[in-house]
Amino acid sequence: MREDLLADLRAMWRIRAFEEKAQALCDSGEIRGSVHLCIGQEAGPVGACDALEGSDALFATYRGHGWAIARGAPLRPLMAELLGRATGVNGGRGGSAYLSAPEHGFHGENSIVGAGAPIAVGAALAGRYDGTHRVAMTVFGDGAMNQGSVHEAMNFAAAARLPVLFLCENNRWSELTPIRETVHNETLTDRPAALGMPAVRIDGNNPAVVRETVSDLVEAAREGGGPAFVELSTQRLVGHYVGDPQLYRTREELAADREREPIAVAVRRLAEAGVDEGEIEEARSSAFAEVERAVQDALADPPASRGSVREHIYA
Amino acid sequence: MPDDEIIKVNYSGAVNAALRRVLAEVPQTLLYGEDVAKPGGVHGVTKGLWKEFGERVFDTPISESAILGSAVGAAMMGRRPIVEIMWADFFLVALDQMINQAANVRYVSGGRLTAPLVVRTQQGNSPGACAQHSQNLEALFLHVPGLRVAMPSTPQDAYDTMVSAVYCDDPVVVFDNRTLYFGEKQEIVTGRPPAPVGGSLRRRSGSAATVVTWGAITHRVLTAADRLAERGVRVTVIELPWLNPFDGDAVIDSVSRTDGRLAVVHEANVTAGFGAEVVARVAEAGVLRGRPVRIGVPDSRIPASPELAAALIPDVDRITMEVGRLAGE
């Protein structure tokens with residue numbers, strides 16, 4: 001347990017370090033434009049990506065840096081993409097909100113709320129015909145539950161019994177508005193359940209719980225059981241976007257969120273298990289050092305060349 | 001598939017034959033949409049394909065986002081989905097999946113992901129069709145880099161564009177016009193290798209003016225051109241079965257050979273229609289002399305009454321008159 005928890009902590013810190021660095025690079029003007037960080041939500045990607053195989057396909061939202069990292073995309077080209085460098089995963093065309101790394105089974109973020117869900121259904125559909133029987137996972141926030149595309153995708157997947165895992169990161173904020181104000185029934189699992197799929201709400205701050213739940217559902221889907229829905233109860237420690245003044249949020253709420261966020265919880269649990277403070281600190285500092293190296297390398301990379309700007313529009 | 005096999009089919013039969021061919025010859029193809037499999041499509045275009053190709057042809061929920069989005073995802077993973085949007089007007093409930101998603105996949109991934117899907121749809125005005133089943137929407141898609149757009153008007157072109165569309169590595173929208181579906185049977189050649197997308201067709205030749213057109217209204221333009229020819233006014237008619245890629249060079253070349261005279265005829269609204277783009281391209285090339293003529297629907301909603309609708313859609317008389325005047329009649 002101790003080693004697993006430490007490994008999860010390292011993986012979560014890698015994402016946290018990447019995100020904190022991205023924030024700093026936004027603040028210093030090195031990264032331009034809208035960036036959406038997943039600080040506080042690291043347990044979901046760390047737990048859920050372990051349930052996927054290399055040939056499975058993952059579709060995330062614009063808050064997807066953590067998912068790309070957890071899927072195994074290397075830090076330097078991810079950071080280079082945020083920095084608009086030629087060496088970025090998408091040569092500077094995708095940016096923060098549209099990262100993709102298909103060779104790592106990361107088939108992209110999406111900056112339209114809910115749009116990835118039908119695309120994931122198609123990836124699973126393709127797997128039925130190409131013989132891979134790949135599982136497709138689509139990740140979206142609680143706000144996306146109110147998009148027609150998500151409902152359509154869930155119904156289509158259920159009707160065709162396609163192996164799609166619909167993963168809802170419920171951080172309680174639909175962009176800047178609390179989910180409780182935009183739905184009558186806050187039990188989000190009722191909707192997918194009504195469409196005919198297993199639907200569970202779990203602690204999204206515990207990577208082991210996420211891993212176990214998602215693994216079981218992915219395996220059932222892979223064996224022909226059809227789609228499933230998992231709601232990860234989690235929280236965002238930062239604004240919707242970098243620069244969001246969060247006028248809608250109280251200090252008390254934020255303080256409570258800091259108590260239950262996954263890294264704080266993991267550190268407490270390790271300390272309770274008697275793990276040496278130095279070992280925990282080493283895990284943290286090595287993650288931050290790795291990210292720092294990636295950032296320095298990416299900053300030294302050349303910018304995407306203007307001459308290439310119209311490439312890759314048509315075949 | 002034998003080379004240069006000739007079959008006799010009407011327009012919908014030609015689309016059906018093209019779909020049968022690509023389903024047989026491209027194992028990655030899937031054909032799906034609302035009512036396309038067992039019912040064979042609301043206009044019967046896909047009839048029989050389900051029986052022949054089994055589970056690769058299937059019916060979906062009435063969920064345009066799910067149809068188009070799943071086509072994007074399946075195409076990203078190596079399939080060649082051909083999906084039907086029953087009426088082009090229904091595209092509008094799911095444009096995100098075409099414009100934000102399909103058209104962006106190649107670009108934002110630097111070419112590492114692609115979405116080679118084909119969307120079949122039909123549009124235009126037929127007697128009694130209502131306001132939400134009569135629009136001509138090609139200009140919406142022509143404004144979007146990353147999509148290819150075809151609008152054939154004959155059984156042969158319907159066959160050829162569909163085959164080329166499936167072999168194209170970009171997302172393609174093929175607009176049929178439903179008034180063409182049940183036209184006369186014609187002999188078409190079916191065995192030829194797929195042509196690359198693009199190009200134009202010179203349907204008539206003459207030096208009095210160049211008339212550029214596409215889609216079902218091409219037939220009215222050709223009738224008008226024949227009437228003018230009987231009166232000794234010979235015009236060149238260039239049809240664009242592909243609007244993207246746009247064969248601007250052929251149009252510019254023709255206008256320069258017809259004394260700088262250009263008319264554009266389409267069934268869509270005039271304002272910001274593709275006709276405006278054709279005129280602008282020719283003007284930019286510096287070959288336009290005199291006033292170009294745009295003939296289309298005069299920026300109206302489309303009424304249900306066949307009598308009222310007929311007042312809007314350019315007819316042969318109007319096209320003959322306006323092109324004749326352009327040609328100096």
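Scope of the values below: all heavy atoms of this structure, side chains included, with no hydrogens, waters or symmetry mates. In what follows, every chain begins at residue 1, and chains take the letters A, B, ... in the order their sequences are listed. Remember, predicted model here, so these are calculated numbers, not experimental data.
- Chain A forms the most heavy-atom pairs under 4.5 Å with one residue out of Ala75(B), Gly111(B), Gly146(B), Ala94(B), and that residue is Gly146(B).
- Among the candidates His151(A), Arg134(A), Met154(A), Glu81(A), the residue making the largest number of heavy-atom pairs closer than 4.5 Å to chain B is Arg134(A).
- Under a cutoff of 6.0 Å and an axis angle of 45°, Arg93(A) and Tyr107(B) form a cation-pi pair.
- With respect to chain A, the highest number of heavy-atom pairs below 4.5 Å among Cys168(B), Pro81(B), Pro27(B), Ser65(B) belongs to Ser65(B).
- With no hydrogens or angles considered, a side-chain donor-acceptor pair links Glu138(B) and Gln123(B) at under 3.5 Å.
- Interface residue Pro61(B): only side-chain heavy atoms are found under 4.5 Å from chain A.
- Between Phe59(A) and Trp67(A), a ring centre-to-centre spacing not shorter than 6.0 Å is recorded.
- If you check the side chains of Tyr314(A) and Asn244(B), you find a donor sitting under 3.5 Å from an acceptor.
- Using a 4.0 Å cut-off between a side-chain N of Lys or Arg and a carboxylate O of Asp or Glu, Arg222(A) and Glu53(A) qualify as a salt bridge.
- Heavy-atom pairs under 4.5 Å with chain A peak, among Thr60(B), Leu68(B), Asn100(B), Val93(B), at Asn100(B).
- With respect to chain B, the highest number of heavy-atom pairs below 4.5 Å among Pro118(A), Gly91(A), Gly114(A) belongs to Pro118(A).
- Ring planes of Phe18(A) and His65(A): perpendicular class, angle over 60° (limits at 30 and 60°).
- For Ala115(A), the parts sitting under 4.5 Å from any heavy atom of chain B are the backbone and the side chain alike.
- Proximity to chain B (any heavy atom under 4.5 Å) is shown, for Ile313(A), by both the backbone and the side chain.
- In this structure, a donor-acceptor pair under 3.5 Å is present between the side chains of Asn146(A) and Arg191(A).
- For the options Ser100(A), Ala153(A), Gly92(A), heavy-atom pairs under 4.5 Å to chain B are most numerous at Ser100(A).
- Looking only at heavy-atom pairs under 4.5 Å with chain A, the residue among Ile62(B), Val105(B), Asn104(B), Leu113(B) that has the most is Leu113(B).
- Interface remark: Val144(B) contributes backbone atoms only to the contact with chain A (heavy atom separation under 4.5 Å).
- Residues Asp169(B) and Arg106(B) are not paired through a salt bridge, judged by the lack of any N-O separation under 4.0 Å between the basic side chain and the carboxylate.
- Heavy atoms closer than 4.5 Å to chain B are found nowhere in Val164(A), neither backbone nor side chain.
- Heavy-atom distances place the backbone of Glu311(A), and not its side chain, under 4.5 Å from chain B.
- Neither the backbone nor the side chain of Val150(A) comes within less than 4.5 Å of any heavy atom of chain B.
- We find that Glu103(A) and Arg112(B) are joined by a salt bridge, their nearest charged nitrogen and carboxylate oxygen being less than 4.0 Å apart.
- Ring orientation note: the planes of His133(B) and Phe90(B) are nearly perpendicular, at an angle over 60° on the 30°/60° scale.
- Contact of Gln28(B) with chain A is not made at all, since no heavy-atom distance falls under 4.5 Å.
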